[in-house]
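Accompanying notes for the structure given below.
These values consider heavy atoms only, across backbone and side chains, with no hydrogens, waters or symmetry-generated copies. The shown structure was predicted, so the numbers you read here are calculated from the model rather than taken from an experiment.
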Amino acid sequence: MLSVFRRFIHSKFGAFAALIFLGIIAAAFIMGDITSGKFGSSLGGGETAAKAGGARLTMTEFQDRVQRVFENARRSNPGLQIGDFLAQGGAAQVYDQLVASLTLKEYASDQKVHISKRLVDAQIAQIPAFQDAAGNFSQENFRQLLLRERITEQALRDDISREILERQMLAPLGLGVKLTDSLVLPYASLLLEARQGTIALVPATAFKDIAEPTDAQLGDFYKKNAARYTIPEQRRIRYAVIDAERFAQAAQPTDAEIAGYYNQNKAVYAAKESRSFEQLILPTQAAAKAIAEQVKGGKSLAAAAQSAGLSVAELADQSREKLAAAASASVADAGFAAKQGDLVGPLRGSLGWVLLRVTAVRTTPARALAAARDEIVTTLRAQKEKRLLNDFTGKIEDQIANGGSFEEVVKDNGLKLETTPFLLSSGKQVEDAAYQVPADVKPLLAPAFGMSQDDDAQLVPIAADKRYALVAPGDIQAPAPPPLAKVKPLVAMQYKLAQGNEKAKVLAEQIRAKVAKGMTLDQAVASAGIALPKPQMVGGRRADIMRDGQRPPAEVAMLFTMATNSVKTLPAGQDRGYFVVQLNGIKRGDAGTDKALVNQVRDQLSEVVGQEYDQQFERAVEKELGVKRNANAVASVQRALVSANGSGQ
């Protein structure tokens with residue numbers, strides 16, 4: 001519901017700001033999806049973007065972080081272009097957050113506040129990207145991910161330290177924020193406000209008298225709207241697959257290794273006995289004896305327990321060791337000494353007095369080496385394949401680190417070089433709509449599109465511990481519109497649509513003027529002189545229209561920004577025509593009797609107020625430390641990023 005409130009009240013804590021705030025903190029990397037590397041037209045590393053005390057933010061650091069946030073956002077929205085990102089204030093907001101982070105770190109140092117290495121270690125260990133399948137921290141995953149993303153361990157630790165520091169220093173500021181009913185009630189009541197209006201559409205396709213464009217008109221239209229037809233960056237991806245199967249022969253275990261493994265794990269192949277039990281635990285020995293007497297008299301343990309208002313627990317496939325750990329060694333010994341169907345106890349256990357009834361006995365005979373051989377061979381082969389694969393990939397990484405080129409490493413190690421056709425970052429191919437990206441290439445798309453032309457090759461996991469690919473960027477086609485001849489029919493259609501849109505704008509304004517003078521919207525549409533869709537009645541409460549954070553159509557949302565009986569026009573977007581929107585009435589909401597809603601809005605507003613406290617504190621600290629900002633920093637970085645990302649595309 002807060003998203004509804006924020007969207008209609010135009011709070012500065014909008015979705016884009018939230019994205020930037022989350023993205024610029026190191027947690028954006030921790031969550032798994034930002035890229036790093038060389039970003040083309042980089043600014044001079046020595047130039048200062050901001051200075052706080054003895055610390056400073058360089059222009060290169062600022063540019064790299066904005067690039068990372070942009071790439072992270074583009075992974076969620078592949079169509080996002082750098083120009084759109086910057087136009088929405090992306091660089092400025094990243095700059096503000098970086099300066100705030102720098103300021104707080106310097107202030108914390110002055111106040112003798114430090115983040116321990118142990119705390120950072122604990123944070124790293126909790127990051128899912130660094131964990132293995134069992135959920136444990138994996139040094140191998142940690143190393144490979146840092147290598148793939150070209151983030152040093154120290155840089156990651158510094159970012160995590162800053163994020164923890166900010167959380168510790170800012171979180172207390174918003175604690176205990178309590179807003180009065182008089183402040184919250186007006187905002188809660190806005191959610192219950194209902195509005196009704198009438199909306200008419202003047203579609204661009206309603207005008208049938210638009211002539212076919214001449215070649216000159218079409219060429220001029222195409223030139224002016226080149227961005228609309230621009231194809232995003234395309235790349236060929238060069239890669240060589242490294243599969244554990246290449247080590248299948250070398251990984252075949254010897255007879256000595258098989259026998260050694262068997263002898264080292266004799267307990268695994270020895271005879272075993274497991275048992276299943278019904279268990280009842282009682283607080284006193286007397287109570288346990290009373291139940292035992294009932295069982296001896298012919299009742300089942302379950303029935304005797306039920307008569308006392310209790311129920312038995314089912315313990316299935318228990319080993320002696322497992323039962324001893326859960327109850328006690330004496331209980332386990334007695335349970336495994338009894339016959340099937342016998343009642344054991346009462347015996348003193350770790351949680352009380354235990355009664356056990358043996359419900360099943362399962363004996364697994366010992367397995368000789370011959371019987372276990374195939375299983376051992378599979379296990380040892382997998383272990384050796386993994387070790388050989390790790391050694392092989394480690395050797396490749398060393399070659400790359402020592403200056404080996406992609407081509408040299410591929411040739412020296414007998415790998416097969418493969419190259420994809422030109423692909424978009426989504427894996428689609430512009431020239432072939434039916435193209436399906438190979439399974440091996442899918443995991444390579446994001447790393448390959450995050451690399452610069454002169455970056456070193458990277459090892460990218462396709463299937464962890466099984467299959468890897470050595471990846472390097474191939475030819476790169478910068479974002480550009482295709483030749484007009486290739487898209488001429490589409491451009492001609494959109495030219496006519498644009499002409500119709502201009503006519504729709506004029507007609508919509510005429511209809512609006514008639515309604516403003518007293519004519520009904522139905523009458524004004526009927527008098528337009530061309531066939532138009534019949535106006536539609538719409539309405540509802542803010543909370544219902546924006547339920548679950550869904551954004552309503554722009555023409556419906558506009559009703560909640562208008563005065564009663566006013567009428568406005570609104571472009572439908574994409575040259576589709578114009579809406580004429582009339583607000584007919586407003587029914588004020590009153591949340592005075594809806595305590596649940598008031599409390600919900602109070603909680604949400606408290607978060608906003610807490611964020612405002614954070615910002616006020618940051619500004620106060622910035623003033624106290626005399627932070628100096630480079631007034632040209634944002635503009636300079638924006639120019640560099642537009643150049644590095646293909647002229648704003």
TODO: Just do the side-chain hydrogen bond (donor to acceptor under 3.5 Å, both in side chains) check on Glu612 and Gln616 with the steps written out, would you?
DONE: CA-CA 6 Å; Glu612 183 65 27; Gln616 293 288 353; 3.1 Å; yes
Say you draw a straight line from [atom1] of [X] to [atom2] of [Y]; how long is it, rounded to the nearest 0.5 Å?
| X | Y | atom1 | atom2 | value |
| --- | --- | --- | --- | --- |
| Gln536 | Lys534 | CD | NZ | 8.0 Å |
| Thr419 | Asp475 | OG1 | CG | 8.5 Å |
| Glu622 | Leu102 | CD | CG | 9.5 Å |
| Lys587 | Glu193 | NZ | CD | 11.5 Å |
| Ser189 | Leu192 | OG | CG | 6.0 Å |
| Ile199 | Phe579 | CD1 | CZ | 7.0 Å |

For [Y], does its backbone N or O pair with a side-chain atom of [X] as donor and acceptor, under 3.5 Å?
| X | Y | value |
| --- | --- | --- |
| Glu61 | Thr58 | yes |
| Gln523 | Thr520 | yes |
| Arg512 | Lys568 | no |
| Thr230 | Ala226 | yes |
| Gln453 | Gly474 | yes |
| Asn225 | Phe221 | yes |
| Ser606 | Arg602 | yes |
| Gln615 | Gln611 | no |

Open item on the list: Run the ring pair (Phe, Tyr, Trp, His ring centres under 6.0 Å) test against Phe62 and tell me which residues pass, sequence neighbours left out.
Closed with: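 Here the qualifying residues are Tyr95.
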- [ ] List in chain and number order the residues that pass ring pair (Phe, Tyr, Trp, His ring centres under 6.0 Å) with Tyr613, two or more places apart in sequence or in another chain; answer none if no residue qualifies.
- [x]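 Per chain and number, Tyr613 pairs via ring pair (Phe, Tyr, Trp, His ring centres under 6.0 Å) with no residue.
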Side chains of [X] and [Y], heavy atoms from C-beta outward: is any pair under 4.5 Å?
| X | Y | value |
| --- | --- | --- |
| Met558 | Met562 | yes |
| Tyr222 | Val487 | yes |
| Lys503 | Asp209 | yes |
| Val430 | Phe422 | no |
| Lys428 | Tyr435 | no |
| Val581 | Thr569 | no |
| Gln217 | Thr214 | yes |

Open item on the list: Going by salt bridge (Lys or Arg N to Asp or Glu O under 4.0 Å), Asp96 matches just one of Arg619, Arg65, Arg629. Which one?
Closed with: Arg629
- [ ] Please name all residues satisfying salt bridge (charged side-chain N to carboxylate O under 4.0 Å, His left out) with Asp432, sequence neighbours left out, ordered by chain then number.
- [x] none
Task: Flag if over 12 foreign heavy atoms under 6.0 Å of CD, Gln436 - done: no
TODO: Assess whether atom CD of Glu407 is packed by more than 12 heavy atoms of other residues, nucleotides or ligands within 6.0 Å.
DONE: yes
Looking only at side chains, do [X] and [Y] share a donor and an acceptor under 3.5 Å apart?
| X | Y | value |
| --- | --- | --- |
| Glu509 | Tyr578 | no |
| Asn630 | Thr48 | no |
| Gln63 | Gln67 | no |

Task: Pairing of Asp64 and Arg68 as salt bridge, 4.0 angstrom limit - done: no
Open item on the list: Using a 6.0 Å distance limit plus a 45 degree cone around the ring axis, check whether Arg235 lies over the aromatic ring of Phe449.
Closed with: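 Flagged: Arg235 positioned over aromatic ring of Phe449.
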TODO: List the steps, then state whether salt bridge (Lys or Arg N to Asp or Glu O under 4.0 Å) holds for Lys505 with Asp575.
DONE: CA-CA 10 Å; Lys505 180 179 180 180; Asp575 289 340; over 6 Å; no
